[in-house]
Structure formats: structure tokens, C-alpha cells
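Reminder, nothing fancy here: chain letters follow the sequence lines and each chain counts from 1. If you're wondering where the values come from, they're calculated on a predicted model, not measured in any experiment.
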Amino acid sequence: MTVRTRYAPSPTGEPHIGNIRTALFAWLLAKHHGGQFLLRIEDTDRQRLVEGAVEAQMETLRWLGLEWDEGPDKGGPHAPYTQSERLDIHQEHAERLLAEGWAYRCYCSSERLSEVRKAQQARKDPPRYDRHCRDLSPEDRARIEADNTPAVVRFKTPLTGETFTHDALRGEVPFANDTLDDFVILKSDGYPTYHLAAIVDDHLMEITHVIRGEEWISSLPRHVLIYQAFGWEPPVFVHVSRILGSDRAKLSKRHGAHAALAYREMGYLPEAIINFLALLGWSLDDKTEIIDLDTLIRAFDTDRLLTNPAVFNAEKLEWMNGVYIRNLSPEGLAERARPFLEGALGQPVDAQKLAQIAPLIQERIKTLTDVVEMADFFFTEGPLKYDPANLLGKKSFAGEPARAADALASVISTVETLDGWGHEALEAAVRPLAEEMGVKAGELFAVIRVAVTGKTAAPPLFETMSVLGRDLSLERLRAARDRLAAAG
RNA sequence: GCCCCCGUCGUCUAGCGGCCCAGGACGCCGCCCUUUCAAGGCGGAGAUCGCGGGUUCGAAUCCCGCCGGGGGCACCA
């Protein structure tokens, strides 16, 4: 039997980190077993639909490389994969349960339902449907239906006994049937609830492993009951824990971005996100942190999945993203960073020039957006904006702009006669000047650094100047010299 | 109120009866390297394994109770 898993979001908004980790686990499990991963849209709640949400789900999955084998856009042997297009199937199945005595129509108004609930809560009883319509006589039913009273279909939950559920990570979890109520499986608008739709579709789509959030555990007995009523073999259920924010509360906007796509905007690499997410509630062994996709697929299984919730550690993600950035080829980094630079600069950026810069910044950035701060000066035209005080630094040039101007002047005259503009030649020419001036090389370099980059922290000076080119470097050195001379 | 789940350094985790007075990683601190910033190397602080009983020669690991946290109890998924 081939393993088939699914990711079944409801299109009520953008997928967040937690959804995506669940999708990742489902995807990995399918790939590990050489099976299929499907995408199914659960849009049975017509009120909560959000426009563009389906696209956002797909966009996120694609960005991360979690391609689906069957889905709404690509079809498959069990199409359609959008629940709202499967209404007839769900209604048919509701009818079948009705006909076989597993379900009944309920005509209670929402007003009556909320009154019942209120009274129960006042009595500190668990809020549950009071089964008012469960044992209506055929005559009563006929009378009510003659009035065209809207009805829902409720599942007839056993009044006594226990329902034994099984979760792959937790084992048997028994539920007393008298704690369950007669839940709705078909709403009055003709749409199924999750309980019916998910079970019917999972069965019809031959899903072998249902991987979903832990919040579904308390619904598991209902689902098992539905499988029993249909006489179907239930799939393996794997309920994964939640991802929490740093305060151990549910991950939300308060904790920074929780929408998965926001991480793309922040300059995170999909492979880093995958690696990081995989390690939230799962581990390869006792020491491996950086795990490539192939290894993940090869090693992933549910047996090393944890049941306790995991706090989302943004700092570790950032570190990991840095590791992946450092592992990129210069061309690879240039290609990925280019859109971020272009966006910030508002102008096209030459890919080859960026590839030259890449090795200089690669170990200095943690996200692709850092490229802007780290390398914008390579592309900006005209005078650099910086505080002239930074030219002087805090050491021997502090408070002595005239001396700094002289120093820059001698750097300029030394360097402008150079034949080449390689970083080794530049350093060989400039380094001795420091000694002549009686300052430490680093102090002289600091002045040049600010003059040439506008920053006190920048990539290695001479490589930077080399990539920057003779003209731009000299132009900036002269501009700095003039500013200092004017100040002195 | 009822039902269910979870509980190892701040965080992610290893651990499935002796290898653990608990290992790795992020973060933090220090040193080294060094033209800045990083990266890298080395070292350090950091966990009464939620608490209390029990089983056992021996428990983070098994059992029971408690406490704490979370989830569910919708014509939402």
C-alpha cells in the first residue's frame, strides 16, 4: 500500500508557520515512503472564506518546494480536490448515514440551541446538544418538515460505552461516549461540516496517514465513530503539537511574523525554513542540526516525532539561515539577493557585479535583506551619506581632521599611481603608509573604510575597493579628504 | 464545569532501567584569529530531568497521585 498524505487547509487566511510545519511533516512522510502528497481545500465554511487564501496556500507550498501530487489546480484520480465542489458526494454520504440510522435530522433553531447551552453553563454542566430531535416520532418529523423548517443532520452518538481512538504518537486514547454529543455533520445550507467532509474525502482519496494539528484530538472519537458507521478502515492518525511564541502563548503576530510568506519577505531561504521547521518536534539524532532535504526525506518518520509543544526560536532560525547563506555559491547568493537589493535601491542591479561582491558579504549576513545594508554602497551613485565624525574614529585621528585629511591625501597620491587595482596591490601600497604616519594600520584603514563605504563596519577594505573600482574609490576618497579639509 | 493532551538548561532537543552527578544546538560570557564587522577555533556559565510517593541493587527513563501549562466542548475548521 502506498502512503498517501494530505495538507487540507481551509482558505481563511495566509498559512502560518504552524500550518506549514504540519504540511512539511505530511509531505516528508509521503516522500519518505515514495507515496503521494495531496492538497485539498476545505472551504465548507462559506462565511469565513478569504479571497486569495487558496493562492496564498499554494504560493507558500511552492516557495518551500512542497509540491503536491494531486490538488485543485492539477487534478488527479480523486478530483475535485476542493470540498465545495464535492457537495453531492458529501450529501450522498449524509443520506446514507440517515438511511442506515446513524444520523438524524435536527430542526432546532440556533436560538433554542444557545438557550440550551446557556442553561447548561449556568448549571455548570458541559455544554452539549440535548438531543431534542433524536427521538422525534415519524409523525412529528413529517409535520415539521411540511413547514419547510430548515434542518441539519446530526450524527447519532452512542449514549454509553467507550470509543477507542488511536494516535500514532500517543497510542490508545479512550473517550467515554457520554461525553460526546450528537454533532452536526451536514449544515442547513447543505454544506458538510469538517467532521463529515474530511472523513469522507480522506477515505475516498485513499489517505493512509492523517497528519494534523493537536487541536483535533478531542474530535478524534467523532471521526472514528463516522468511520465505524461507514464500515471503513480509519487511516493512521498523527496529531502534531503546536508551535508556541516565546511567551509560550499561541504563536501570533505579537511574536513577529507568523505568516510563512513573511519569512520570504524578510530574506529567509526556503531550505533554511524547512530545516528549522523539521527540527521543531522532530530530530534526526542527538547532534545534527543542518540537514539537507534529501537526508530529511530519507530519515523522516513519525517515530521520532514529539508530542510536546515547541517554542518558535527566531534567533536560531536566523542563525540557521546564515549557515545556509554561507553554503550558497557566490552566484547563488547573488541571484537570490538581487531582488532585495533592487527593491531597496529602486534600480536594476548587475548580477555579475553582485556575484563579485557575494564572497565579501556572505559570512556577514544572516538574511537576504541584510545585503542592502551590507552592500548598497557598491551601487549608489554620487556622494555617500555619513557622519564626518566617523572618519576620525576614536583613536589617533580623533579631533584632528587636518591630520586625517593629510593622511587621506597621501593615500590618494599613493594609490592613484598604481598600475593595477587588485586588493593585494592596494594593501601593499597602503599598509606602509600607516607606519610612515606613525599610526596603526587599522586606524588608517578605518578612515579609508568610512570614506569609501560610508560605514564603520563593512566587508574587507581592499577587496571592497578592488570591486568598487579605481574611479569610484578615488572619487570617494577625494570627497572625504575635502570634507575633512573643510572641517579643519 | 466536563473531556483530552503535554511537562529535560532561557529556547530547540538527545535520552526509551545502569553508557547520564544528563549529551548536542541557538543565545549569552571569555580567550584566540583579525584592518572594522562577521565567520571560524577553543573554553565557560546554564537543567534539584514540574513536585511527591512507589517499584528496583539501580529511574530523567516504569507505576500512582498532585501541581502547572495547553487544547477541545459551534450549523468554524
With both distances under 3.5 Å as the test, what is the Watson-Crick or G-U wobble partner of [N]?
N      : result
A47(B) : none
C67(B) : G7(B)
G1(B)  : C73(B)
U61(B) : none

Distance, [atom1] atom - from [M] to [N], rounded to whole angstrom:
N      : M      : atom1 : result
G71(B) : G30(B) : C1'   : 44 Å
G15(B) : C3(B)  : C1'   : 31 Å
G46(B) : G23(B) : C1'   : 14 Å
A60(B) : C21(B) : P     : 9 Å
C12(B) : G54(B) : C1'   : 33 Å
A45(B) : C37(B) : C1'   : 26 Å
G69(B) : C57(B) : C1'   : 37 Å
G7(B)  : C49(B) : C1'   : 10 Å

Whole Å only: how far is the [atom1] atom of [X] from the [atom2] atom of [N]?
X       : N      : atom1 : atom2 : answer
F183(A) : G72(B) : CZ    : P     : 17 Å
D130(A) : C75(B) : CG    : P     : 12 Å
K316(A) : U13(B) : NZ    : C1'   : 7 Å
Y386(A) : U36(B) : OH    : C1'   : 16 Å
K287(A) : A22(B) : NZ    : P     : 19 Å
H90(A)  : C75(B) : NE2   : P     : 19 Å
W319(A) : G27(B) : CH2   : C1'   : 11 Å
I290(A) : C12(B) : CD1   : C1'   : 13 Å

Sub-4.5 Å side-chain heavy-atom contact between F237(A) and H209(A):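 No - every pair of side-chain heavy atoms lies 4.5 Å or more apart.
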If you look at every strand shown and take non-hydrogen atoms under 4.0 Å, does [X] touch a base, only sugar-phosphate, or nothing?
X       : value
E289(A) : base
P150(A) : nothing
R46(A)  : nothing
G322(A) : nothing
R123(A) : nothing
T44(A)  : sugar-phosphate
L461(A) : base
A310(A) : sugar-phosphate
I361(A) : nothing
P9(A)   : nothing
V311(A) : sugar-phosphate
K394(A) : nothing

Salt bridge check, [Y] against [X]: does any charged N sit closer than 4.0 Å to a carboxylate O?
X       : Y       : answer
K394(A) : E400(A) : no
D202(A) : R40(A)  : yes
D376(A) : K455(A) : yes

Please tell me which of the listed nucleotides, [options], lies nearest to the side chain of [X]?
X       : options                : value
E42(A)  : C5(B), C6(B), A77(B)   : A77(B)
T307(A) : C5(B), U35(B), C6(B)   : C6(B)
L280(A) : C75(B), A77(B), C12(B) : C12(B)
L306(A) : U11(B), A14(B), C75(B) : A14(B)
N313(A) : G10(B), C75(B), G40(B) : G10(B)
V184(A) : A38(B), C12(B), C75(B) : C75(B)
E463(A) : A77(B), U35(B), C12(B) : U35(B)
R248(A) : U13(B), U11(B), C76(B) : U11(B)
S10(A)  : C37(B), A77(B), C12(B) : A77(B)
H195(A) : C75(B), A25(B), A77(B) : A77(B)

[X] (side chain) donor-acceptor with [Y] (main chain) under 3.5 angstrom:
X       : Y       : answer
T288(A) : L284(A) : no
R336(A) : I325(A) : no
T165(A) : L220(A) : no
S466(A) : W421(A) : yes
R128(A) : T179(A) : yes
R86(A)  : P80(A)  : yes

Taking only the side-chain nitrogens and oxygens of [X], find out if one of them lies under 4.0 Å from OP1 or OP2 of [N].
X       : N      : result
S241(A) : C6(B)  : no
K440(A) : U34(B) : no
T456(A) : C37(B) : no
K250(A) : G71(B) : no
R304(A) : G15(B) : yes

query: In terms of the nearest nucleotide of RNA chain B, which residue is placed more toward the 5' end: R242(A) or E427(A)?
result: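 Between the two, 5'-proximity favours E427(A).
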query: G40(B) base to E363(A) side chain: any donor-acceptor pair below 3.5 Å?
result: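 A donor-acceptor contact between them is absent.
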query: Do Y194(A) and H223(A) have ring centres separated by under 6.0 Å?
result: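 Aromatic pair counts; centres sit under 6.0 Å.
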Produce the list of close N/O pairs, under 3.5 Å, pairing protein atoms with atoms of nucleotides 1-3 of chain B; give distances to one decimal.
residue: G1(B); atom: O2'; partner: K124(A); partner atom: O; Å: 2.8

- prompt: Without hydrogens or angle criteria, can the side chains of Y7(A) and N19(A) be said to hold a donor-acceptor pair below 3.5 Å?
  reply: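 Checked: Y7(A)/N19(A) side chains show no N/O donor-acceptor pair below 3.5 Å.
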